[in-house]
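Keep in mind that the numbers below use all heavy atoms, side chains included, and drop hydrogens, waters and symmetry copies. Predicted, not measured: the structure shown is a model, and the values here were computed from it.
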Amino acid sequence: MVVLSAARWVRSRLTDRFWRVQEVLKYARHFRGRKNRCYKLAVRSVRRAFVRSTKARREKKRFLRALWITRIEAASLEHGLKYPAFISNLVKSQVELNRKVLADLAIYEPKTFKSLAALAQRRRQEGFLAALGDGKEPEGIFSRIVHHH
Amino acid sequence: VAKTSLSSPPWPEVKLPDPVEEAKYHAEVVRKVNGLISAGHYGRLFAVVHFASKQWKITSEDLIMMDNVLEAECGDRIRMEKVLLVGADDFTLIGRPLLGKDLVRVEATVIEKTESWPKVNMRFWRRHNYQRKKIIANPQTVLRINTIEIYPCLS
């Protein structure tokens with residue numbers, strides 16, 4: 001005979017509760033206290049941990065940029081330039097290196113960083129002369145803009 | 001004019017070197033660097049390359065991992081064209097903003113294309129019965145930088 005609906009005395013029982021609980025506890029094993037063993041406490045902690053990690057992924061970019069800027073500032077002060085002067089003059093000389101690479105150069109390639117600082121200093125002086133002289137003096141060499149086609 | 005506190009401007013006097021002498025000095029420096037490059041008197045070269053919308057400081061035998069897909073099979077050789085800076089121990093070539101393609105050559109090979117570890121994206125508002133959980137695995141590509149070469153064509 002064909003039975004179209006399930007019999008009413010058969011109830012479905014949850015058989016894989018262990019594995020569902022382990023899925024959450026495996027993320028809590030390195031926590032401190034009872035939240036690494038007890039499911040009820042672990043669920044809350046794991047949820048907060050996930051939410052915090054998603055938010056931290058967006059803030060990590062901000063932290064790293066601030067760290068790079070601090071390092072570049074320290075390195076440029078060693079060469080006698082302040083950070084805003086350094087960065088603005090580098091940009092005006094059409095050198096498009098980002099802060100991550102500048103921080104790496106300041107750590108691992110001190111001679112290259114010194115040459116970049118000298119370039120920025122020279123461009124700064126040419127900028128001062130162009131602003132103060134404001135006459136028929138010839139333009140500075142490092143202030144010339146390179147045109148690519 | 002007598003030297004008082006207001007007779008000269010408060011900022012330091014800036015004097016640029018003589019342009020003719022400067023031009024001679026620049027030409028001499030360019031000749032020297034050209035000589036070094038053509039003679040091969042440099043050790044390990046490093047380069048700053050703009051690739052996959054990021055800038056990388058690379059040397060030869062370097063591994064690079066990027067968080068996206070590259071339309072090249074594993075084992076393909078790739079030439080990176082946007083080079084911003086090339087340097088060795090004694091000299092650096094700074095591009096404004098890029099260096100010429102006839103000056104530098106950076107070659108790389110695609111080694112592997114995988115997915116990242118499964119990252120968990122979760123949003124939760126307390127007391128509002130709202131939580132969403134999403135597992136993201138970004139595709140990643142690993143490149144090995146084979147060589148960085150420079151050619152003595154400065155001017």
(message) Tell me if the CZ atom of A/Arg58 is crowded by more than 12 foreign heavy atoms within 6.0 Å.
(response) no
(request) Assess whether atom CZ of B/Arg77 is packed by more than 12 heavy atoms of other residues, nucleotides or ligands within 6.0 Å. (result) yes
(request) Establish whether B/Met65 and B/Leu63 are linked, either directly or via other cluster members, by ILVMFWY side-chain heavy-atom contacts under 4.5 Å. (result) yes
(message) How long is the straight-line distance from CD1 of B/Ile135 back to CZ of A/Phe50, given to the nearest 0.5 Å?
(response) 7.5 Å
(message) Heavy-atom cut-off 4.5 Å, strictly under: side chain, backbone, both or neither for B/His50 against chain A?
(response) neither
(request) Side chain from CB out, backbone as N, CA, C, O: work out which of these in B/Phe91 comes under 4.5 Å of a heavy atom of chain A, or both, or neither. (result) neither
(message) Report which part of B/Lys15 has an atom under 4.5 Å of a heavy atom belonging to chain A: side chain, backbone, both, or neither.
(response) neither
(request) Can you establish whether the number of heavy atoms outside A/Lys114 located under 6.0 Å from its atom NZ is more than 12? (result) no
(request) State whether the number of non-hydrogen atoms from other residues, nucleotides or ligands found under 6.0 Å of B/Lys113 atom NZ is greater than 12. (result) yes
(message) Less than 4.5 Å apart, side chain to side chain, heavy atoms only: is that true for B/Glu22 and A/Ile141?
(response) yes
(request) Using non-hydrogen atoms and a 4.5 Å limit, figure out which bit of A/Leu97 sits close to chain B: side chain, backbone, both or neither. (result) both
(message) Could you check whether atom CZ of A/Arg29 has more than 12 heavy atoms from other residues, nucleotides or ligands sitting under 6.0 Å from it?
(response) yes
(message) Count I, L, V, M, F, W, Y as connected when their side-chain heavy atoms are under 4.5 Å apart, and connections chain through other members. Are A/Ile107 and B/Leu84 then in the same cluster?
(response) no
(request) Please examine the side chains of B/Asp89 and A/Lys111, heavy atoms only from C-beta on, and report whether any two atoms are closer than 4.5 Å. (result) yes
(message) Can you confirm whether more than 12 heavy atoms, excluding those of A/Lys55, are under 6.0 Å from its NZ atom?
(response) no
(request) Taking the side chain as every heavy atom from C-beta outward, state whether B/Asn121 and A/Arg57 have any pair of such atoms under 4.5 Å apart. (result) yes
(message) Counting only non-hydrogen atoms closer than 4.5 Å, does A/Thr112 touch chain B with its backbone (N, CA, C, O), its side chain (CB onward), both, or neither?
(response) both
(request) Count the heavy-atom pairs under 4.5 Å between each of B/Pro97, B/Gly87, B/Pro19 and chain A, then report the option with the highest count. (result) B/Pro97
(message) Looking at B/Arg96 and A/Ser93, would you say the former's side chain and the latter's main chain have a donor-acceptor pair under 3.5 Å?
(response) yes
(message) Quick check: closest heavy atoms across B/Thr92 and A/Ser115, and the distance to 0.1 Å?
(response) OG1-OG, 4.0 Å
(request) Under 4.5 Å, counting heavy-atom pairs only, tell me which of A/Arg52, A/Lys100, A/Gln125, A/Glu109 racks up the most with chain B. (result) A/Glu109
(message) Around atom NZ of B/Lys119, are there more than 12 heavy atoms from other residues, nucleotides or ligands closer than 6.0 Å?
(response) yes
(request) Could you tell me which portion of B/Val48 (side chain, backbone, both or neither) has an atom closer than 4.5 angstrom to a non-hydrogen atom of chain A? (result) side chain
(message) When you compare the side chain of A/Arg122 with that of B/Pro17, does any pair of heavy atoms fall below 4.5 Å?
(response) yes
(message) Taking A/Val95 as the starting point, is it possible to reach B/Leu98 by hopping between hydrophobic residues whose side chains are less than 4.5 Å apart?
(response) yes
(message) Is it the case that atom CZ in A/Phe63 sees more than 12 heavy atoms from other parts of the structure closer than 6.0 Å?
(response) no
(message) Counting C-beta onward and ignoring hydrogens, is there a side-chain heavy-atom pair between A/Leu132 and B/Val14 closer than 4.5 Å?
(response) no
(message) Check B/Lys82 with A/Glu96, please: is the shortest side-chain N to carboxylate O separation under 4.0 Å?
(response) no
(request) Identify whether B/Val110 and B/Met66 are in the same connected component of the hydrophobic contact network (ILVMFWY, side-chain heavy atoms under 4.5 Å). (result) yes
(request) Measure the NZ-CG distance between B/Lys57 and A/Leu102 for me, rounded to the nearest 0.5 Å. (result) 12.5 Å
(request) Look up atom CG in A/Leu119 and atom CD1 in B/Ile94, then write down how far apart they are to the nearest 0.5 Å. (result) 5.5 Å
(message) As an exercise, state the distance from CZ of B/Phe46 to OH of A/Tyr108, rounded to the nearest 0.5 Å.
(response) 13.0 Å
(message) Quick one, B/Arg123 and A/Thr54 - any side-chain contact, counting heavy atoms below 4.5 Å?
(response) no
(message) What part of A/Arg144 gets within 4.5 angstrom of chain B, counting heavy atoms only: side chain, backbone, both, or neither?
(response) backbone
(request) Against chain B, label A/Val101 side chain, backbone, both or neither, depending on which of its atoms sit under 4.5 Å from a heavy atom there. (result) side chain
(request) Consider only side-chain heavy atoms of I, L, V, M, F, W and Y, link residues closer than 4.5 Å, and tell whether B/Tyr42 and B/Val86 are in one cluster. (result) yes
(message) Which atoms of B/Leu85 are under 4.5 Å from chain A, going by heavy atoms: the side chain, the backbone, both sets, or neither?
(response) side chain
(message) Are A/Arg47 and B/Gln131 packed together at the side-chain level, in the sense that at least one heavy-atom pair is separated by less than 4.5 angstrom?
(response) yes
